[in-house]
Amino acid sequence: MAREIAKAYEPQQIEPRWAEFWVKEALFKADPNAEKHGKVFSIVIPPPNVTGSLHIGHMLDHTEIDILTRWHRMRGYNTLYLPGMDHAGISTQRVVVRQLAEQGIDYRKLGREEFEKRVWQWKDESGGAILRQMRQIGESCDWSREKFTLSPELSRVVREVFVRLYEENLIYRGHYLTNWCPVCLTVLSDLEVLHEERQGHLWHIKYPVAGTQEFLVVATTRPETMLGDTAVAVHPEDERYEHLVGKKALLPLMNREIPIIADEMVDREFGTGAVKITPAHDPNDFEAGRRHHLQEIDIMTDDGHMNAAAGAYAGLERFEARKKIVEDLKAQGLLEKVSEHTHAIALCERSKTIVEPRASTQWFCKMKPLAEPAIAAVERGEIHIVPDNRREEYFNWMRNIRDWTLSRQLWWGHRIPAWYCQEHQHVTVARETPVKCSTCGSQNLTQDPDVLDTWFSSGLWPFSTLGWPEATPDYKTYYPTSLLITAYDILFFWVARMIMLGIHFTKQVPFRAVYLHSLVRTASGEKMSKSSGTGLDPVVLNQRYGTDAMRFCLASMAAPGTDIVLSDDRLAGARNFANKIWNAARFLFMNLDKFEQGGTTLEELAAPEVRAKAPYAFNGGVPLVDGWLFARLADTVALVNNALANYRFHEAAQGVYQFFWGDFCDWYIEWVKPELQNVDRERAAVAWKNLFAAFDAALRLLHPLMPFLTEELWHQLPQRPGTKSIALDTYPEPRPDWKNAAALEQFALVQEVTVALRNIRAEMTVDAKKKLAAEFSSADGKTRSVIESNCEGIVRLAMLSELKISAGHLPQAGGIVRSTSQFNVRIAHSAEVVDIAAEKLRLRKEIEGLEKAIASKEKQLGDATFRSRAPEKIVRGMEATLTEQKLELQKLRKRLDELDKAA
RNA sequence: GGGCGACUAGCUCAGUUGGUUAGAGCGCUCCCCUCACACGGGAGAGGUCAAAGGUUCAAGUCCUUUGUCGCCCACCA
């Protein structure tokens, strides 16, 4: 049975073949009876980029999610993804608006309905593109229009939730100061505003006091807002200004009389100690305005220009207006001075323009009543946040939570289910479009033009997608979900809100655990993000290195706590590992041909039931190397299971890497090579059976991390009729009969001896192909017998012609000796191929290190307090090591001595 | 202004509750194109764990201070 396998692993030939399968079969059809045994694993997937392209940062979520889902699936859990495919929000709207603008179309002229149609059209195209890309990189994702947040089903849920919150008085409409983005043309929630330190100016402006010759000097960073001033405030106990309180100031440029008031909020130390009050354009001033019943004058248009209230400055852009105002003030001699001033400015997260604080009427959600149960749930451990330190961040934010501005002045999103009657502006909030005003009965209603914040509907995701408020089978089985994985930067936007809304509406937590992973950065350290376009393209990386390599690389770097810096070197390393697996498989199948010529088939050697019974014995005992390999496998399985259970992906990756490459390839395969060709066909058959069993277990072990490669190779092994995928097979469990401490210890000795002999070889300047005679000695009979029975392998792997075993001393002269406390090995050779000076140097260095170690240990062991306080185990261990080290030191000194004498 | 994180080999990073000579990958040096694999094999070199102090029988690991870098939060005009 010849198998055509290319020399190097070529992911392009394999991955597209399997991608379709993942999506359709492997993960969504779990064991239907699993939930009866309480084995259910459901996971919430963060929504990918809505702007039409994938990026690597997003791939980390999906890699981790996919690893865990496959792992659970193989362990018999009923698994479910809750695919999050879309946010309804401003990013989407901006993309489409831009596209329309490029075609010369003003979206506002299109009208709302037509605009929505265009967005859907774009989403079908770009969403379909995402799907194709995701399949290309092997992501399992159920992408369908039905799952969009804006689908009719989910829209109904959003409306239901809004109405319920309104009825509970948790949603209210209010006139407040909000963050306004003049580019996005909408309000922003506090979370959507970034702060940045910038060098700015502090303008000191003289306001004449009415009826006097005096001036009151105020300091401001935003002079243009003075057009909307309705007061000047000073501290009530400030003697400098005491006499002015109650008088009027004359607002320059506008010639408007405004009151001079006293308010505690004023900091006497800052600036001049006098503050201009602009209630419509500053948060502090807004509060002050309320306290003193001041008029609010909004001086700006939506897009950041001065409006009619700005008098002569109407029509000017806000920063143009600032310039002009400063010039005019200067011309009138009212600008006292300008000083440098660094301050934090507020920027719109998306457009990076300076946010304008503006008083307006918006919908808000009261957060305190929602936050309290959400805090308690995490405190009680009903939701487990990993890593731990993020818990504190969560608590901090939740305890200082402020009301949430829900409404957005956009066209793309869930429309707010509120209607106003033309006559009295009464508000009617309803699940279905109302026919008359609930207050006055007017039939002249118009719906609120605004939509809800993206995160409002996203916050409902874990239950809205499962059929809530109906108690559907999905909802009953999968809710609360097991886990949410996402990057930590989204904790407040999404995670916290899911928790709050989930608990409020379902009386249950939405997920049992939240794993917050690191951010992926580019080699230059930039944070990869959707909106800034700094992400690497996973499809390109996929083509270059392969999906499995990319996944493995991400997993191996995903240690919690620190950010991931992705580099070509690292990816290449993972690619090399994939290739190593590929070539190990190639070896298995290629050499099998030789064996098969004798009439035995692959089916007989590697059938699933045959593999299940390994390790096989020969001549009444399992060969040492097989016992060792399966013991190592058992350890690795335990390590990987434990690592994945604790979201320690890097440990899992490192564990399988070490096992497959270090143990399986470097030692096991090399060791059993001759046995596979053994003329004793019974011996050969045992070797093959064990090899296939080990390989099969290794593939299953690797599968969650490298699904495509393992799938392909697994299909080359004989399988039971009807089996479809390795993903539906079982995950290796550490079987008790695999544990074998003796084999671990004995083979470690064999390895140590082999390495010591190779080391001597490498020190000698001899032809690499020349086989050398070597000697082994040990005072311990057991040690000698282990080496004796594994002599052949050592001779072969250390390139020897023979290995003599004895109990006596091995002289240094005429060769090189290596020794441990347990044994000595020696390769004899003529003096000219040995660099005596280098050997002496090496010996001295080793002696020095040992002396240091021995001294520190002797000191510690000589300390009575140490002996009385340290655990017995530690003391005993140290004593044993000390004895060994002393013996080694003795041997080293003797060798050095011999060399000195010879010279 | 508050809070958090990082600082370990030339580079990128591991190091779970403090415990016996601190690990990996890449890079580097030397030897090998040995019939699975040069995306490979073999053997090495390389670290006073950012600095100082403290707790302890014992500190990379816990505490304090300092330095450098990064992140998040915050209405001081």
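Note on naming: letters A, B, ... go to the chains in the order of the sequence lines (proteins, then strands), and numbering restarts at 1 for each one. As a basis for the values below, the full set of heavy atoms in this structure was taken, side chains included, without hydrogen atoms, waters or symmetry mates.
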Under 4.0 Å between a side-chain N/O of [X] and OP1 or OP2 of [N], yes or no?
X	N	answer
A:Arg648	B:rA14	no
A:Lys673	B:rG41	no
A:Arg758	B:rA43	yes

task = Specify the separation, in whole Å, of atom CH2 of A:Trp582 and atom P of B:rC37.
result = 14 Å
key: Between B:rA36 (P) and A:Gln677 (CD): distance, integer Å   = 9 Å
task = Taking only Lys NZ, Arg NE, NH1 and NH2, and the carboxylate oxygens of Asp or Glu, determine whether A:Lys769 and A:Asp767 approach each other closer than 4.0 Å.
result = no
Over all strands shown, is [X] touching base, sugar-phosphate only, or nothing at heavy-atom distances under 4.0 angstrom?
X	result
A:Asp569	sugar-phosphate
A:Leu850	base
A:Asn759	sugar-phosphate
A:Glu670	base
A:Gly877	base
A:Gln885	base

Roughly how far apart, to the nearest Å, are [N] and [M] at atom [atom1]?
N	M	atom1	answer
B:rG54	B:rA58	P	12 Å
B:rC11	B:rG27	P	15 Å
B:rA43	B:rU64	C1'	46 Å

message = Classify the ring geometry of A:Phe695 against A:Phe589: parallel below 30°, tilted from 30° to 60°, perpendicular beyond 60°.
response = perpendicular
task = Would you please classify the geometry between the A:Phe577 ring and the A:Trp661 ring as parallel, tilted or perpendicular, with 30° and 60° separating the classes?
result = parallel
Quick one: which of [options] gets closest to the side chain of [X]?
X	options	answer
A:Lys769	B:rG42, B:rC33, B:rC37	B:rC33
A:Asn583	B:rA36, B:rU20, B:rG40	B:rA36
A:Asn579	B:rG46, B:rG40, B:rC37	B:rC37
A:Lys580	B:rC31, B:rG41, B:rA77	B:rG41

inquiry  = Ignoring hydrogens and geometry beyond distance, is a side-chain donor-acceptor pair present between A:Asp403 and A:Tyr176 at under 3.5 Å?
reply    = no
task = May I ask which nucleotide in the shown strands pairs with B:rG53, Watson-Crick or G-U wobble, both distances under 3.5 Å?
result = B:rC63
query = Of A:Arg876 and A:Phe587, whose nearest nucleotide on RNA chain B comes first from the 5' end?
reply = A:Arg876
